[in-house]
> 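Have a look at this one.
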Amino acid sequence: MKETSNLELKEKFSKSFLKTVSAFANYEGGEIIFGINDDGELVGLENPDILALNIENTINDSINPNPTYSLKINDNSTLTLKVKAGKHKPYFYNSKAYIRHGTSSIEMDNLELQSLILESSNKSYDSLKSNQKEFTFDYLEKELKKELNINELNLDILKTLELYSNEYDYYSIAGELFSDTNDMVGIDIARFGEDINTILERKNLSGQSILKQFEDSLAIYKSNYQYEKIEGSKRNRYQQIPEDAFREAVANALVHRRWDIKSNIRISMYDDRIEISSPGGLPKTITEEEYLKGDLSVIRNPIIANVFFRLDIIEQFGTGIRRIIESYKKYYTRPKFNISQNSISIILPVIKKIDLTDEENQILSLISKGNDTTKSIAEISGYSRSKVLNLLEELINKNLIEKIGGGRSTKYKKVII
C-alpha cells in the first residue's frame with residue numbers, strides 16, 4: 001500500500017492528520033488509514049475504539065465548518081477515516097485551509113483560497129465586478145455583427161452575454177476582457193531564432209480585447225508557418241503547423257486560463273514548433289487523463305467560453321484538446337501537453353515528412369501483420385536481436401510504433417495515423 005493524492009497512511013495518531021482532513025474536504029475527498037506506516041506496512045493499533053472517539057472529537061473541535069466523514073475499525077486492527085468532498089468550502093484547520101499536493105497536505109495560498117470560495121458560491125472569476133466603469137466594445141460589436149447579424153451592440157446584448165450586470169450596475173471581468181482597452185494581462189508572443197537568446201519578433205497583445213488578441217495571434221502564426229507555392233497553373237497554400245491546432249490551442253488558453261493570476265499567456269515560436277503556455281493548472285476536479293481525452297467538463301470561465309462559442313471560435317465546450325490531437329491525425333508528428341500545478345503548455349510541432357529506410361519499412365510492415373515481438377520480428381527478418389531493437393527504437397522515436405509492456409512480455413504496436 002502506498003500513499004496517493006487521496007490516501008494517507010498514519011502509523012499512529014497525531015494532530016497533523018487534520019491538515020489532510022481539511023485538504024480532502026476542500027476538494028475530492030479521501031481516506032486516512034491509521035495503523036499503517038509510511039512504507040505501507042501493517043503495524044496495527046492497540047485501542048482502535050478509543051482512537052476512533054479521539055479522532056471524532058478532534059475533528060469536531062478543530063475543523064471549521066465540520067466536514068462529513070465516517071470512521072471504520074477494520075479486522076486487522078487498523079482504522080479508516082473517510083472524508084467526503086465538502087459542500088460548504090473552504091474547510092479550515094487553525095484558521096488555515098489546506099490543499100493536497102501529491103502525497104502532502106500544504107497550506108493553500110490566497111489565490112487558491114479565493115478560487116475555492118468562488119467555487120463554493122457557484123461563481124466564476126470572470127463573473128466578478130470589474131474595477132472600471134467605462135468601456136467601449138467596437139471590436140466585439142464588429143465580430144457580433146459578422147457572426148450573429150446584429151444591427152448594433154447595445155446594453156441589452158451585453159447583459160445577455162453577462163458582460164454587464166443590470167442588477168448591480170457594473171461590468172464583469174469578462175466584460176473588461178472583451179472591451180477595446182483594459183488593464184488586464186493577455187497574450188505575449190515571441191519568435192526565436194537559433195536559440196532563446198535570439199528574438200526575431202516580439203509582440204505583447206495585452207490591454208486590448210481578447211478577440212483582437214486571438215486574431216492578431218492567428219495573423220502572426222499565418223505569416224510564419226503558412227506559405228504559398230506556385231505549382232503549374234495553381235497557387236497552392238501550405239501550412240507547417242495545422243491551423244486548426246493553433247486556433248484551438250490559443251482559444252483553449254484564453255477560455256480556460258486563470259485570469260486571477262497576473263501572468264500573460266506565452267506563445268513561443270520556433271523553427272520546429274510553437275509552444276502555448278497558459279497560467280493555472282487543471283481545475284481540481286479534472287484529471288490529466290480526462291483532459292487529454294477531451295472530457296473537460298469544468299469550464300473555468302463560462303462567460304468567456306459562451307461568447308467564444310457564439311462567435312464560432314470554439315465548436316463545443318470541452319472539445320478543444322480532442323480537436324488539436326485530431327488535426328495531427330494524418331501526420332507522423334504529434335502535439336505534446338505539459339501539465340503542472342501552475343500552468344498548461346501545448347506544444348505543436350512542425351509537420352515534417354519522415355523518410356524511412358528499407359529496413360525500417362520492413363519492420364513496420366511486419367508489425368502491421370501481427371509480428372509484434374522482438375523474437376518474431378528477428379526470426380522473420382533475419383536480423384540480429386540487437387539490430388531489431390535499434391530499428392524498433394528508431395520507429396518509436398518517429399512516433400510510428402508504441403511499446404507495450406516490459407521484459408519478456410514486451411510487444412510493439414503500430415500507431416494509428
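Heads up: numbering here begins at 1 and tracks the sequence.
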> Counting N and O atoms only, with roles assigned by atom type, does the side chain of Ser327 sit under 3.5 Å from a partner on the main chain of Asp244, one being a donor and the other an acceptor?
no
> Can we say Glu3 and Lys10 salt-bridge, meaning some charged N sits less than 4.0 Å from an Asp/Glu carboxylate O?
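So Glu3 does not pair with Lys10 through a salt bridge.
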> Roughly how far, to the nearest 0.5 Å, is the CD1 atom of Ile304 from the CZ atom of Arg257?
9.0 Å
> Please check if any side-chain donor atom of Tyr69 sits under 3.5 Å from a side-chain acceptor atom of Asn60, or the reverse.
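Yes - a donor-acceptor pair under 3.5 Å links their side chains.
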> Ion pair present between Lys146 and Glu143, side-chain N to carboxylate O less than 4.0 angstrom?
yes
> Check this for me: Arg273, atom CZ, are more than 12 non-hydrogen atoms of other residues, nucleotides or ligands nearer than 6.0 Å?
yes
> Is it true that Glu8 and Thr20 share a donor-acceptor pair across their side chains at a distance under 3.5 Å?
yes
> Is a side-chain donor-acceptor pair under 3.5 Å present for Glu41 with Asn37?
yes
> Before giving the answer on side chain to side chain contact (heavy atoms under 4.5 Å, CB included), spell out for Asn301 and Ser124 the whole-Å C-alpha distance, their side-chain angles and the decisive distance to 0.1 Å.
CA-CA 6 Å; Asn301 303 292; Ser124 58; 5.6 Å; no
> Will you find, in the side chains of Asn182 and Gln208, an N or O donor that is under 3.5 Å from an N or O acceptor?
no
> Identify, with sequence neighbours excluded, every residue that meets salt bridge (charged side-chain N to carboxylate O under 4.0 Å, His left out) alongside Arg191.
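Per chain and number, Arg191 pairs via salt bridge (charged side-chain N to carboxylate O under 4.0 Å, His left out) with Glu201.
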> Between CD1 of Ile363 and CG of Asn390, what distance do you get to the nearest 0.5 Å?
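These two atoms lie 11.0 Å from each other.
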> Against Leu51, only a single residue in Asp49, Asn47, Ile55 fulfils side chain to side chain contact (heavy atoms under 4.5 Å, CB included); can you say which?
Ile55
> To the nearest 0.5 Å, tell me how far Ser70 OG sits from Leu81 CG.
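One gets 7.5 Å once the value is rounded to the nearest 0.5 Å.
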> Any side-chain heavy atom of Ile276 sitting closer than 4.5 Å to one from Ser345?
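A side-chain contact under 4.5 Å is absent here.
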> Using atom types as modelled and distance alone, determine if a side-chain donor or acceptor of Asn74 lies under 3.5 Å from a backbone N or O of Ser77.
no
> Less than 4.5 Å apart, side chain to side chain, heavy atoms only: is that true for Tyr125 and Leu118?
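Of all side-chain heavy-atom pairs linking Leu118 with Tyr125, at least one is under 4.5 Å.
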> Kindly indicate whether the side chain of Ile344, heavy atoms from C-beta on, has any atom under 4.5 Å from the side chain of Tyr291.
yes
> Any side-chain donor paired with an acceptor under 3.5 Å for Arg100 and Ser5?
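Side-chain D/A pair, Arg100 to Ser5: absent.
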> Are more than 12 heavy atoms from other residues, nucleotides or ligands located less than 6.0 Å from atom NZ of Lys159?
yes
> In terms of side-chain heavy atoms, does Asp180 have a donor or acceptor partner in Ser209 at a distance below 3.5 Å?
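No, Ser209 and Asp180 have no side-chain donor paired with an acceptor closer than 3.5 Å.
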> Can you name the nearest heavy-atom pair linking Ile324 to Ala245, along with the distance?
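Minimum heavy-atom contact is CG1-O, 3.8 Å.
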> Test your reading of the model: is there a side-chain donor-acceptor pair from Asn397 to the backbone of Glu393, 3.5 Å cut-off?
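Indeed, once roles are kept as given, a pair shorter than 3.5 Å links the two residues.
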> Quick check for you: to the nearest 0.5 Å, what is the distance between Ser217 atom OG and Leu254 atom CG?
7.5 Å
> Under 4.0 Å between a side-chain nitrogen and a carboxylate oxygen: does that hold for Glu359 and Lys387?
yes
> Testing the 3.5 Å rule here: is there a donor-acceptor pair between the side chains of Ser340 and Asn342?
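No pair is found: no donor N or O on one side chain lies under 3.5 Å from an acceptor on the other.
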> With no hydrogens and no angle check, just 3.5 Å: does a side-chain donor-acceptor pair link Ser376 and Thr373?
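Looking only at side-chain atoms, Thr373 and Ser376 do form a donor-acceptor pair, the distance falling under 3.5 Å.
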> Is it true that, when you exclude Ile196 itself, more than 12 heavy atoms of the residues, nucleotides or ligands shown sit nearer than 6.0 Å to its CD1?
no
> Would you check if the side chain of Ser121 reaches a backbone N or O of Ile117 as a donor-acceptor pair within less than 3.5 Å?
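Confirmed, Ser121 side chain pairs with Ile117 backbone.
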> Are a donor atom and an acceptor atom from the side chains of Ser172 and Asp126 found within less than 3.5 Å of each other?
no
> To the nearest 0.5 Å, what is the distance between CG on Leu366 and NZ on Lys414?
11.5 Å
> Below 30° counts as parallel, above 60° as perpendicular, anything between as tilted: where do the rings of Phe17 and Phe13 land?
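Judged by the thresholds at 30° and 60°, the geometry between Phe17 and Phe13 is tilted.
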> Test your reading of the model: is there a side-chain donor-acceptor pair from Tyr328 to the backbone of Pro349, 3.5 Å cut-off?
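Flag set: sc Tyr328 to bb Pro349 pair under 3.5 Å.
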> Can a donor-acceptor pair be found between the side chains of Glu176 and Ser130 at a distance below 3.5 Å?
yes
> Answer yes or no: is there a donor N or O on one side and an acceptor on the other, between the side chain of Ser127 and the main chain of Lys123, under 3.5 Å?
no
> Side chains of Leu153 and Leu140: does their closest heavy-atom pair fall under 4.5 Å?
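In short, these two side chains touch, coming nearer than 4.5 Å.
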> Run the ring-centre check on Phe135 versus Phe178 and record whether the distance is less than 6.0 Å.
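Judged by ring-centre distance (under 6.0 Å), Phe135 and Phe178 do not meet the cut-off.
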> With no hydrogens and no angle check, is any side-chain donor or acceptor of Asp312 less than 3.5 Å from a backbone partner on Phe309?
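The answer is no, because no donor-acceptor pair under 3.5 Å joins these two groups.
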> Can you list the residues that meet the ring pair (Phe, Tyr, Trp, His ring centres under 6.0 Å) rule with Tyr270, with sequence neighbours excluded?
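Here the qualifying residues are Phe192.
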> Using a 6.0 Å cut-off, check whether atom CG of Asp61 has over 12 heavy atoms from anything other than its own residue.
yes
> Around atom NZ of Lys87, are there more than 12 heavy atoms from other residues, nucleotides or ligands closer than 6.0 Å?
no
> Return the set of residues passing salt bridge (charged side-chain N to carboxylate O under 4.0 Å, His left out) with Glu379 (not counting sequence neighbours), or none when no residue passes.
none
> Quick one: does Asp195's side chain have a donor or acceptor within less than 3.5 Å of a partner on Thr198's backbone?
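Yes, the answer is positive, given that a donor and an acceptor are paired below the 3.5 Å cut-off.
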> Can you tell me how far the CD atom of Gln114 sits from the CE atom of Met108, to the nearest 0.5 Å?
12.5 Å
> Please confirm whether the backbone N or O of Asn26 pairs with a side-chain atom of Lys89, one donor and one acceptor, at under 3.5 Å?
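Between the backbone of Asn26 and the side chain of Lys89 there is a qualifying donor-acceptor contact (under 3.5 Å).
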> Taking C-beta and beyond as the side chain, do Thr78 and Pro48 meet within less than 4.5 Å on heavy atoms?
no
> List the steps and the verdict of salt bridge (charged side-chain N to carboxylate O under 4.0 Å, His left out) for Glu147 and Lys142.
CA-CA 9 Å; Glu147 292 295 331; Lys142 176 175 72 74; over 6 Å; no
> Is the number of heavy atoms from other residues, nucleotides or ligands under 6.0 Å of Arg408 CZ greater than 12?
no
> Assess the side chains of Asn264 and Ser206: does a donor N or O sit below 3.5 Å from an acceptor N or O?
yes
> Testing the basics here: between Tyr139 and Glu215, what is the closest heavy-atom pair and its distance to 0.1 Å?
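Nearest pair, atom of Tyr139 first, then Glu215: OH-CG, 3.3 Å.
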> With distance as the sole criterion, is a donor-acceptor pair present between the side chains of Tyr227 and Gln240 under 3.5 Å?
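The answer is no; no qualifying pair exists.
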> Are any of the side-chain heavy atoms of Ile210 and Ile187 separated by less than 4.5 Å?
no
> With a 4.5 Å limit on heavy-atom distance, are the side chains of Leu111 and Arg258 in contact?
yes
> Would you call Leu161 and Ile303 a side-chain contact if the rule is heavy atoms closer than 4.5 Å?
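A side-chain contact is absent here, since even the closest heavy-atom pair is not under 4.5 Å.
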> Between the main-chain N or O of Glu248 and the side-chain N or O of Asn252, is there a donor-acceptor pair closer than 3.5 Å?
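No.
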